[in-house]
Asker: 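I have a structure I would like to understand better, so I am pasting it below and will then ask my questions one at a time.
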Amino acid sequence: MKKYDVIVIGAGPGGMTAAMYAARANLNVAMLDRGVYGGQMNNTDDVENYPGFTSIKGPELGEKMYQSAVNAGVEFVYGDVQQVTVGDDQLKTVKTDSDELVAPAVIIATGSTNRKLGVPGEEEFSGKGVSYCAVCDGAFFKNKDVTVVGGGDSAISEGLYLANVTDEVNVIHHRDQLRAQKVLQDRAFDNDKMDFTWDTRVTAIVGDDTHVTGVKVHNNKTGEDQIVDTDGVFVYVGNIPNSQMFKNLKITDKAGWIVTNDEMETSIPGIFAIGDVRQKKLRQITTAVGDGGIAGQNAFEYVESLKHQALATQSEVTNGN
Ligand code: NAP
């Protein structure tokens, strides 16, 4: 069992920032992740809304953030977190698949995972034409036609990426307008390779023995059902929070997003939550980084306050009070 001042769970932009802030305050910081650092930035092609860079590749930005954290003294630890428990002494134990780490302060930055469509054929053809990552899999669809499902920032920005690689991108959206930022919408509507199918639900993904060949769709307005040919389906229908392993702490809302105040404090003293896993409106790299700075500083103040409390108790005992 290894002891730290602060354990940051998750090495995306929020976690890396929080860890850097806490380490720069001279705390002993572990930053845990079950995979490679960078989080969703690793699946993002161009990042154009992170100040300081007109455009930067997601993985490159992740690498720079990691270097900032490590330079500040953060220790990166591999581990898949199973549970966090709180002791009577306010110490938190973070149990991973291979180890136990202990610290007075824990910052949860575990992000979110792609939501599945939940239709027949989705699981069967996953990796055989169904994908959740254009940057990872787009190259397999060179000179082919693909379908993007969804209408948010991810669907449109990844659709634009796919338009550079493939012959045609058909965006199927269940409403008659997109949720994505206006700048992305304008770019997509101007792109000759992008088509839009409105008010339409994907009800199944179909294929042959080896690969996707089409999607079954239902038009919500006309009630018409049909099969549309496609070589690949990229699903971007939102996210679900990676918070299942914190269930015992009872710090989430009904949907599983962790509830905090503006100081990133959960209802448990010394446990903070930041970034996409937190209940909030705008989930971006910039907002995750902002959350991280606040939590890193507040974790420092929390650890300091415990030290002062311990000193005060010690001096009371020494003075016989
Ligand atoms: P999102 O904003 O939640 O959008 C999900 C989209 O999928 C919505 O259009 C939604 O429809 C649709 N949808 C949900 N369930 C569906 C279903 N069962 N069938 C069909 N469509 C369904 O998710 P996101 O686009 O992944 O973005 C997540 C967060 O990351 C957002 O806060 C976003 O701003 C951020 N992000 C930012 C950037 C950037 O700044 N460049 C890039 C990517 C992501 P409705 O519109 O009807 O709800």
Side-chain angles (χ1 to χ4, degrees), residues 12-14 38-62 109-123 130-136 138 147-163 169-189 194 196-205 215-221 228 230 233-242 255-257 274-291:
Q40 286 188 48
M41 290 189 291
N42 290 326
N43 303 334
T44 307
D45 188 34
D46 292 320
V47 177
E48 295 181 350
N49 55 1
Y50 192 76
F53 302 94
T54 29
S55 180
I56 183 166
K57 299 288 175 198
E60 193 187 340
L61 185 56
T110 43
S112 60
T113 302
N114 295 312
R115 184 189 288 153
K116 306 276 186 290
L117 263 177
V119 299
E122 184 178 22
E123 216 178 304
V130 173
S131 171
Y132 304 86
C133 179
V135 179
C136 320
T147 296
V148 166
V149 190
D153 282 340
S154 297
I156 303 311
S157 60
E158 301 310 297
L160 283 162
Y161 173 81
L162 288 166
V169 179
N170 179 21
V171 178
I172 299 182
H173 188 38
H174 64 182
R175 290 194 295 133
D176 61 359
Q177 67 189 95
L178 301 174
R179 173 187 292 280
Q181 301 163 48
K182 180 87 170 55
V183 62
L184 292 175
Q185 293 196 27
D186 289 348
R187 251 185 249 171
F189 293 144
M194 289 183 77
F196 292 84
T197 306
W198 303 108
D199 299 305
T200 298
R201 246 177 333 118
V202 170
T203 53
I205 296 167
V215 282
K216 253 189 199 170
V217 294
H218 174 84
N219 186 302
N220 298 331
K221 286 211 165 136
V228 181
T230 192
V233 183
F234 287 83
V235 180
Y236 292 107
V237 293
N239 298 292
I240 46 174
N242 292 327
W257 304 102
I274 59 174
D276 283 9
V277 74
R278 189 166 83 83
Q279 185 194 66
K280 64 174 179 179
K281 196 172 159 197
L282 190 61
R283 294 190 170 87
Q284 307 265 298
I285 301 172
T286 48
T287 59
V289 162
D291 289 359

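As the structure is a prediction and not an experimental result, all values here were calculated from the model. Numbering of ligands and ligand atoms starts at 1, following listing order.
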Asker: Which of the atoms in ligand 1, numbered in the order shown and given with their element, are less than 4.0 Å from a heavy-atom of Arg115?
Answerer: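 Going through ligand 1 atom by atom, the ones under 4.0 Å from Arg115 are 14 (C), 15 (N).
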Asker: For ligand 1, is any non-hydrogen atom under 4.0 Å from Glu48's backbone (N, CA, C, O), its side chain (CB onward), both, or neither?
Answerer: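 Answer for Glu48: neither.
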Asker: Does an N or O anywhere in Gly150 fall below 3.5 Å from an N or O of ligand 1?
Answerer: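 In fact, backbone or side chain, Gly150 has no N or O that close.
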Asker: Got a second to check how far Leu61's CG is from Tyr50's OH, nearest 0.5 Å?
Answerer: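 One gets 6.0 Å once the value is rounded to the nearest 0.5 Å.
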Asker: Under 4.0 Å, heavy-atom basis, I'd like to know which part of His174 is in contact with ligand 1: side chain, backbone, both or neither.
Answerer: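 Within the 4.0 Å criterion, His174 contacts ligand 1 through side-chain atoms alone.
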Asker: Can you list the ligand 1 atoms lying under 4.0 Å from a non-hydrogen atom of Gln181?
Answerer: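 Those atoms are 39 (C), 40 (O), 41 (N).
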Asker: Write out the residue and atom name of the closest protein heavy atom to atom 43 (C) of ligand 1, then the distance separating them to 0.1 Å.
Answerer: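 Looking at atom 43 (C) of ligand 1, the protein heavy atom closest to it is Ser154 OG, 3.4 Å.
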Asker: With atoms numbered from 1 as shown, which atoms in ligand 1 lie under 4.0 angstrom from a non-hydrogen atom of Asn49?
Answerer: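 Ligand 1 atoms under the 4.0 Å threshold to Asn49: 39 (C), 40 (O), 41 (N).
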Asker: Mind checking whether His173 has a heavy atom under 4.0 Å from ligand 1?
Answerer: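 Contact present.
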Asker: When only distance counts, is Gln284 in polar contact with ligand 1, meaning an N/O pair under 3.5 Å?
Answerer: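 Yes, there is a polar N/O contact under 3.5 Å.
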Asker: Below 4.0 angstrom from a heavy atom of Asn239, which ligand 1 atoms are there? Numbered from 1 as shown, please.
Answerer: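 Answer, ordered by atom number: 26 (O), 28 (C).
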Asker: Would you mind checking if Arg175 and Asp199 are paired as a salt bridge, meaning a charged N to carboxylate O distance below 4.0 Å?
Answerer: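 Looking at Arg175 together with Asp199, the answer is no, because their closest N to O distance does not fall below 4.0 Å.
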Asker: Rounded to the nearest 0.5 Å, how far does CZ of Phe196 lie from CD1 of Ile172?
Answerer: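 Here the interatomic distance stands at 12.0 Å.
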Asker: Below 3.5 angstrom, do we get any N/O pair linking Leu184 and ligand 1?
Answerer: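 No - when backbone and side-chain N and O of Leu184 are compared with those of ligand 1, no distance drops under 3.5 Å.
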Asker: To check your reading of the model: name the closest protein heavy atom to atom 48 (O) of ligand 1, its residue, and the distance in Å.
Answerer: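 Heavy-atom neighbour on the protein nearest atom 48 (O) of ligand 1: Arg179 NH2, 2.6 Å.
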Asker: Go through the steps for Trp198 and Leu178 under the test side chain to side chain contact (heavy atoms under 4.5 Å, CB included), then give the verdict.
Answerer: CA-CA 9 Å; Trp198 303 108; Leu178 301 174; 3.7 Å; yes
Asker: Below 4.0 angstrom from a heavy atom of Gly238, which ligand 1 atoms are there? Numbered from 1 as shown, please.
Answerer: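 Listed by number with element, the hits are 3 (O), 5 (C), 23 (O).
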Asker: Measuring from Arg187:CZ to Ile156:CD1, what's the distance to the nearest 0.5 Å?
Answerer: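 Interatomic distance, Arg187 CZ to Ile156 CD1, rounded to 0.5 Å: 12.0 Å.
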Asker: Backbone N or O of Thr110 within a donor-acceptor pair of the Asn242 side chain at under 3.5 Å?
Answerer: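 Yes; at least one donor-acceptor contact below 3.5 Å.
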Asker: Please check if any side-chain donor atom of Thr286 sits under 3.5 Å from a side-chain acceptor atom of Asn49, or the reverse.
Answerer: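 Asn49 and Thr286 do not have a side-chain donor-acceptor pair below 3.5 Å.
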Asker: Atom 42 (C) of ligand 1: which protein heavy atom is closest, and how many Å away?
Answerer: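 Its nearest protein heavy-atom neighbour is Asp153 CB, 3.7 Å.
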Asker: Considering only heavy atoms from C-beta outward, does the side chain of Asp291 approach that of Lys280 to under 4.5 Å?
Answerer: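 Contact flag for Asp291/Lys280 side chains = yes.
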Asker: Answer yes or no: is there a side-chain heavy-atom contact under 4.5 Å between Trp257 and Arg283?
Answerer: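 Yes - at least one pair of side-chain heavy atoms lies under 4.5 Å apart.
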Asker: Taking only heavy atoms of Arg175 into account, list the atoms of ligand 1 that are under 4.0 Å away from them.
Answerer: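 Counting from 1, the qualifying ligand atoms are 45 (P), 46 (O), 47 (O).
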